[in-house]
Structures are given as C-alpha cells and as structure tokens.
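Since the structure comes first, as structure tokens, the remarks are kept for the end.
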Amino acid sequence: MKISRLISIYVILMDKKRISAKELANIFEVSTRTIYRDVEAINLAGIPIYSTSGVGGGFEIMENHKMDKNTFSEEELTTLLMGVSSIPDSMKSKDFINTFTKIRQFITSEKLESTNIQSEQVQIDFNQWIGYRNLEPQINRIKTALKDNKVLSLEYISHSGNKTTRKVEPYQLVLKSSKWYFHGYCYKRNDFRLFKLTRILTLEIVDRTFIPKKYPKLLLDTKEIITNLQVTIKLRVHESIMEQLLDYCDYESFLKDGEHHYIVNFPFIDQDYYYGILLSFGNKCECISPPQIRTKLKEKIAALARIYEIAENTRYFSRVDESASVVA
C-alpha cells in the first residue's frame, strides 16, 4: 500500500463532491479492490469516508469533516508538495494553486522552512532545452473538451506526412517521455487512437457533446515489449560522445579501446528510429557487430550520400536560383 496514493486519494476526495471506485482505479492504474482497501485504510486513520451505491454513487468525505494539522507527517506533506510542484505548468490552474496553498497551511511554522527545503531538492521540468514548442493552447482546449464531453475537430499529420481532418471524442491527456498525446475515439477510423500533439495542425472544439464510451486502457509501460525486441550490438565510439551514449546505456557497458575510444555494448532494436540514433553520432561511432546491423548501416549511409551527390546538388540549387529570379 503506497502512502502517496492514500494522500492523493484524500486530496481528490477533498476536491470533488463524489468519485467512484472505478474512476479512482483508472487514475492510479490499480484494481477497484485496491481502492476499497485504500479507502478502508483512510477510514482507519480517522478520516470519515462513506460510499453510496447505484448510478452516480461513489466515495465522499463526510460534510463536516475538517483535516487536523497532525493528520499528515512532515515527510508526507513534503511528498504532497513535491507532487504538486512537479505538475507541468501547462496543467496548472487555480485549482492546483489552491491545493498547494491548502497543503502549506497544514505545515507548522517551525517545520515550514525544512519542508520547503526538502520539497525543492527535486525539480522536474518537462520543457526541452531547445526547440520548445508551446502546446498550452492545445492542452487547454483538450482539457475543456474532456470536462464538457465535447467533440474535437483537428487537422492531423500522419507518420508519412499526409494531412487528414478528424473528428475525435477525447478521453485522456497523456504525457509520455516528455511528449504530449491525447487518447480519443476517432470517427474517421471508428476506433480509439493516440494523437501526438506536435502533429496537430489545427484544433477546435465542436459544439457537439458525446456520451462517453468504455475506452481501452493504454499500454504505456512497454518495457516488456522492448526487452523482447532488444538486442545488444557493439560500437566503437570516440570519447567525445560518451555523454550522449550514457542516455542509453550505463558506464559498465564501456570498455577502453586505445587512448580516445571505447567499445560499447549498446541496446538496439532493428528499426529505423534506432538506426537514426546511430547515424546521429556521425563519424564518432562505428558499429562493429553484428554483421547484419553493420551492413544495413552501410546501406543507409550510401543512400544518404547519394542525396548529396554533386550532380543532384547542382540541379537542386539551379532550380532554387531560378525560383528566386522569378520572385525578384
């Protein structure tokens, strides 16, 4: 039983009038049985929660309940503050600000300084170092559509670059690996789809409500799938790209090879995305085994080189120059 989950359930119940066990189970990705055990534990801690059955039923805190300053320990309050602080700026609203303020009110003055220091020891920033694209307008529209059960109309770019127009019922906003997505039912595909926000060109809320469907749980933990597909390849790399490689493998995977190079055991999947990673290291990286991966890399490098042949470049720049002359 996770104390952080119990605290989060309590905060949700303080914020909402009533919420069902199924909704809580979906939020925390646990079974309804686990939620019932959590609610029982919260009751035993002295916080009165009761349930109502039937349509529209669920859990709620007794109306006259007030939280005592001793309900949570200093460590638990620190955990709460860190959790609220780590929420991306694009998701923060007045509700989050109010929650943050309420939590601070339960910290005694003599503990406030040490709690603030602890809560600031971990900082989570989802923004990229460079090339950050502001997705807040899209996120706010999706949040509004989720709250009001409104259909979204969007122009979407596919993997192959084709532009399509979609009407979608939104069900979830998802932040995965610092990338934003939303999960919804697409009328064009007659099925649930995951849409990446950076591939949405236009996004509008349609004046049309929908009755929510029972939607499938997203498979966000792909560790087992990746493990089954993954193989280990050997690379010979220059020391200057060690920092980049440490994003993918631990230091124990590096074996010194001469004064400025290493042999590295690198986790790899035989897909274009992973070949792109290797090619991004340029001439600082050489795949030395297995032979089939090395051969495919050579083929991709040769295909890339053909694009930059002098004859092709000459024709391209001639066309650009001609276009520029016409415009001028």
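Note that the coordinates shown come from a computational prediction; the quantities given were computed from them, not determined experimentally. Scope of the values below: all heavy atoms of this structure, side chains included, with no hydrogens, waters or symmetry mates.
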Legend entry - ring-ring contact (aromatic ring centres under 6.0 Å, His included) contacts in which one or both residues fall within residues 134-167, not counting sequence neighbours: Y156-F195
Legend entry - Residues I293, Y275; criterion side chain to side chain contact (heavy atoms under 4.5 Å, CB included); working and verdict: CA-CA 9 Å; I293 302 296; Y275 284 104; 3.4 Å; yes
Inset, instruction - Kindly confirm or rule out a cation-pi arrangement of K213 over Y185, judged by NZ or CZ under 6.0 Å from the six-membered ring centre and within 45° of its axis? - result: yes
Legend entry - Closest non-hydrogen atom pair between P267 and C249, with its separation: CD-CB, 3.9 Å
Inset, instruction - Output the distance between atom CD1 (I157) and atom OG1 (T164), rounded to the nearest 0.5 Å. - result: 7.5 Å
Inset, instruction - Give a yes or no on whether E243 atom CD has more than 12 heavy-atom contacts from other residues, nucleotides or ligands under 6.0 Å away. - result: no
Legend entry - Polar side-chain atom of Q138 near backbone of L135 as donor-acceptor pair, under 3.5 Å: no
Inset, instruction - Check whether any side-chain N or O of R294 sits under 3.5 Å from a backbone N or O of C287 as a donor-acceptor pair, and report yes or no. - result: yes
Legend entry - ring pair (Phe, Tyr, Trp, His ring centres under 6.0 Å) partners of Y274, counting only residues at least two apart: none
Legend entry - Value rounded to 0.5 Å, distance of CG in L297 from CG in L304: 11.5 Å
Inset, instruction - Test L245 against F281 for side chain to side chain contact (heavy atoms under 4.5 Å, CB included), laying out the working first. - result: CA-CA 9 Å; L245 288 162; F281 300 138; 3.7 Å; yes
Legend entry - Given I200, I142, L175, the one that forms side-chain contact (heavy atoms from CB on, under 4.5 Å) with W180: L175
Legend entry - Flag, side chain of T209 to backbone of K150, donor-acceptor distance under 3.5 Å: no
Determine all donor-acceptor pairs shorter than 3.5 Å in which one atom belongs to a side chain in residues 257-266; sequence neighbours excluded.
residue, atom, partner, partner atom, Å
D257, OD2, R236, NE, 2.7
H260, ND1, E239, OE2, 2.9
N265, OD1, K234, NZ, 2.8

Legend entry - Results of side-chain hydrogen bond (donor to acceptor under 3.5 Å, both in side chains) for T165 - residues two or more places apart only: none
Legend entry - CD1-CD distance between I277 and Q244, expressed to the nearest 0.5 angstrom: 11.0 Å
Inset, instruction - Start with the C-alpha distance between Y50 and N43, add both sets of side-chain angles, then the distance that settles side-chain hydrogen bond (donor to acceptor under 3.5 Å, both in side chains), and finish with yes or no. - result: CA-CA 9 Å; Y50 69 95; N43 265 316; over 6 Å; no
Inset, instruction - Over all heavy atoms of both residues, which pair between V206 and S153 is shortest? Give the atoms and the distance, please. - result: CG2-CB, 3.6 Å
Inset, instruction - Using side-chain hydrogen bond (donor to acceptor under 3.5 Å, both in side chains) as the criterion, list what pairs up with K284, not counting sequence neighbours. - result: none
Inset, instruction - Flag the pair F192 / Y171 as yes when their ring centroid distance falls below 6.0 Å, and as no otherwise. - result: yes
Inset, instruction - Hey, could you give me the OG1/CG distance between T34 and L24, rounded to the nearest 0.5 Å? - result: 11.5 Å
Legend entry - From CG (L173) to CD1 (I139), nearest 0.5 Å: 6.5 Å
Legend entry - Pair listing, salt bridge (charged side-chain N to carboxylate O under 4.0 Å, His left out) test, anchored in residues 190-204, at least two apart: D191-R193
